[in-house]
Amino acid sequence: MSHLNYNHLYYFWMVCKQGSVSKAADALFLTPQTVTGQIRALEERLKGKLTKRAGRNIEPTELGQLVFKYADKMFGLSYEMLDIVNYSQREHQLFDVGVADALSKSLVSRVLLKALPEDDGIHLRCFESTHELLLEQLSQHKLDMILSDCPVDSTQSPGLFSVKIGESMMSFFGAGDISKKRFPAVIEEHKLLIPSTRTAMGRKLMHWFDSQGITPTILGEFDDAALMKAFGSNHKAMFVAPTFYSSDVLELPNVMEVAKVEALKEEYYVIFAERMIQHPAVKRICEADFSKLFH
């Protein structure tokens, strides 16, 4: 049996992972025509059709599913090998971390400090994006770990794991004179700033408003918690933030804490692939005690 061209197999694997030839071509820095030609060569080698159209996307045929299953194991192992070589042989171990844009930068910095050894043997690189895009990059082995406000769904992302590192009650803050005694009804009397409704906390807030029979006047949604706080301080609007960093919020001019809401809790997770469980930085974070950080 003649040797299998693993480049052809890799291109097919990327098309299946990306869902289309054009996306795979972009990821591979090749033209779609080149990728298509390489997959055809693989099909000739295997004597069968590997892909079929599903609307605008590409999906594997029955033969393609079989080939993809083995290719996924092969290339998963190859990435695992590279990761292990990276953090076992480099003088400064590279550690690429994705940060969900909904998280407080102050919180993220304090969590990541736990990953850094005293000898500065970690070369840390941080990237900020949405939870969904970060998960995609983690699945593609472009990141080593994610810090996020929600866990991974293992049924949707096999091979990825979540570890909860803490949680915080949420508080309502506001600039100006706001009646604490009439909370939560007082919310309807003020314009409100909230985390984006595409974030876990944004969705929890909307459910909480419904449960309280409150119809808020939402002035804006923010991915960046620091920007939301600054905007709230300057525009006399109410806004929501984790209680644990209320001391930072109350340093803003004329800002007061209106109420703590025990029913609203923001949770914090680290997410990583199975192959990274022995990475020293991941181990340090997973084994760290963050209880004092969230109080």
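Owing to the predicted nature of the structure, the values given are computational and were not obtained by experimental measurement.
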Peer 1: Looking only at non-hydrogen atoms, find the nearest pair between Ala237 and Leu193 and report the distance.
Peer 2: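 Closest pair (atom of Ala237, atom of Leu193, distance): CB-CG, 4.0 Å.
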
Peer 1: Search all heavy atoms of Pro216 against all heavy atoms of Ile214 and return the closest pair with its distance.
Peer 2: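 Heavy atoms only, the tightest pair is CD-O, 3.4 Å.
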
Peer 1: If you look at every heavy atom in Ile39 and Tyr11, which pair is closest and at what distance?
Peer 2: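 So the two residues come closest at CD1-O, 4.3 Å.
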
Peer 1: Quick test of your reading of the model: are Glu266 and Lys204 salt-bridged, counting only N-O distances below 4.0 Å?
Peer 2: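 Judged by the 4.0 Å cut-off on N to carboxylate O distance, Glu266 and Lys204 do not form a salt bridge.
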
Peer 1: Just wondering, more than 12 heavy atoms not from Tyr70 lying within 6.0 Å of its OH?
Peer 2: no

Peer 1: Determine whether Thr215 and Phe209 satisfy the following criterion, side-chain contact (heavy atoms from CB on, under 4.5 Å), listing intermediate values before the conclusion.
Peer 2: CA-CA 7 Å; Thr215 304; Phe209 291 141; over 6 Å; no

Peer 1: For the CD atom on Glu62, are there more than 12 heavy atoms of other groups (residues, nucleotides or ligands in this structure) within a distance under 6.0 Å?
Peer 2: no

Peer 1: Of all the heavy-atom pairs spanning Met145 and Leu138, show the shortest one and how long it is.
Peer 2: N-CD1, 4.0 Å

Peer 1: For a side-chain contact (heavy atoms from CB on, under 4.5 Å) check, start with the C-alpha distance between Glu43 and Val67, then their side-chain angles and the critical distance, and finish with the verdict.
Peer 2: CA-CA 11 Å; Glu43 289 175 333; Val67 173; over 6 Å; no

Peer 1: To the nearest 0.5 Å, what is the distance between CG (Leu63) and CZ (Phe68)?
Peer 2: 14.0 Å

Peer 1: Nearest 0.5 Å please: distance from the CG atom of Leu134 over to the NE2 atom of His131.
Peer 2: 8.5 Å

Peer 1: For Ser179 and Val186, work out which heavy atoms get closest and say how close.
Peer 2: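 Where Ser179 meets Val186 most closely, the heavy atoms are O-CG1, 3.6 Å.
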
Peer 1: Report yes or no: do Ile178 and Val255 belong to one cluster of Ile/Leu/Val/Met/Phe/Trp/Tyr joined by side chain heavy-atom distances under 4.5 Å?
Peer 2: no

Peer 1: How many angstroms lie between atom OG1 of Thr130 and atom CD of Glu136, to the nearest 0.5 angstrom?
Peer 2: 9.0 Å

Peer 1: Evaluate the criterion side-chain contact (heavy atoms from CB on, under 4.5 Å) for residue pair Met206 and Thr197; output intermediate values, then yes/no.
Peer 2: CA-CA 8 Å; Met206 299 311 292; Thr197 50; 3.9 Å; yes

Peer 1: Please check if the number of heavy atoms outside Lys17 that lie under 6.0 Å from its NZ is greater than 12.
Peer 2: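 Yes, NZ of Lys17 has more than 12 neighbouring heavy atoms, counting only those of other groups under 6.0 Å.
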
Peer 1: Can you tell me how far apart CD (Gln137) and CG (Asp96) are? Round to the nearest 0.5 Å.
Peer 2: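 Interatomic distance, Gln137 CD to Asp96 CG, rounded to 0.5 Å: 10.0 Å.
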
Peer 1: Is the side chain of Ser78 donor-acceptor paired with the backbone N or O of Phe75 at a distance under 3.5 Å, no angle test?
Peer 2: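 Yes, Ser78 side chain to Phe75 backbone: donor-acceptor pair under 3.5 Å.
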
Peer 1: Among the clusters formed by ILVMFWY side chains lying less than 4.5 Å apart, do Leu42 and Tyr10 turn up in the same one?
Peer 2: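 Yes: a chain of side-chain contacts under 4.5 Å links Leu42 to Tyr10.
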
Peer 1: Decide whether Leu147 and Phe244 are clustered together by the hydrophobic rule: side chain heavy atoms of Ile, Leu, Val, Met, Phe, Trp, Tyr closer than 4.5 Å, transitively.
Peer 2: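 Per the 4.5 Å side-chain linkage, Leu147 and Phe244 are co-clustered.
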
Peer 1: Please check: side-chain N/O of Thr61 versus main-chain N/O of Lys49, any donor-acceptor pairing under 3.5 Å?
Peer 2: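 Yes.
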
Peer 1: Do Thr199 and Glu221 touch side chain to side chain, with heavy atoms closer than 4.5 Å?
Peer 2: no

Peer 1: Mind checking whether Tyr6 and Phe12 sit in one hydrophobic cluster, side chains of I, L, V, M, F, W, Y counted as touching below 4.5 Å?
Peer 2: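 As far as the 4.5 Å side-chain criterion goes, Phe12 and Tyr6 are connected within one cluster.
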
Peer 1: Identify all side-chain donor-acceptor contacts of residues 20-31 below 3.5 Å with residues at least two apart in sequence or on another chain.
Peer 2:
from, atom 1, to, atom 2, distance (Å)
Ser20, OG, Ser22, OG, 3.3
Ser20, OG, Lys23, N, 3.1
Thr31, OG1, Thr34, N, 3.1
Thr31, OG1, Thr34, OG1, 2.8

Peer 1: Does Ser162 use its side chain to pair, donor to acceptor, with the backbone of Val152 at less than 3.5 Å?
Peer 2: yes

Peer 1: What distance do Glu167 atom CD and Glu267 atom CD have between them, rounded to the nearest 0.5 Å?
Peer 2: 5.5 Å

Peer 1: Please tell me if the side chains of Phe290 and Lys114 come closer than 4.5 Å, counting only heavy atoms from C-beta onward.
Peer 2: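 The answer is yes; the side chains approach within 4.5 Å.
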
Peer 1: Kindly check if the number of other-residue, nucleotide or ligand heavy atoms within 6.0 Å of CD (Glu262) is above 12?
Peer 2: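 For Glu262, atom CD is not crowded (no more than 12 foreign heavy atoms under 6.0 Å).
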
Peer 1: Are Val111 and Val282 joined in one hydrophobic group, where the rule is that I, L, V, M, F, W and Y side chains link up if heavy atoms are under 4.5 Å apart?
Peer 2: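 The answer is yes; both residues are in one hydrophobic cluster.
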
Peer 1: Charged N to carboxylate O under 4.0 angstrom, Asp101 versus Arg198?
Peer 2: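 So Asp101 pairs with Arg198 through a salt bridge.
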
Peer 1: More than 12 foreign heavy atoms under 6.0 Å from NZ of Lys105: is that the case here?
Peer 2: yes

Peer 1: First locate atom OG of Ser109, then atom CG of Leu103, and finally report the distance between them rounded to the nearest 0.5 Å.
Peer 2: 11.5 Å

Peer 1: Got a sec, which pairs hit ring-ring contact (aromatic ring centres under 6.0 Å, His included) with one end in residues 162-181, sequence neighbours left out?
Peer 2: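 Pairs touching residues 162-181 that pass the test: Phe172-Phe183, Phe172-Trp208, Phe173-Phe239.
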
Peer 1: Apply side-chain contact (heavy atoms from CB on, under 4.5 Å) to the pair Arg45 and His8, showing each step before the final yes or no.
Peer 2: CA-CA 10 Å; Arg45 171 68 183 79; His8 296 171; over 6 Å; no

Peer 1: Which residues pass the salt bridge (Lys or Arg N to Asp or Glu O under 4.0 Å) test with Arg40, sequence neighbours left out?
Peer 2: none

Peer 1: Of all the heavy-atom pairs spanning Lys180 and Val258, show the shortest one and how long it is.
Peer 2: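 Looks like CG-O, 3.6 Å.
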
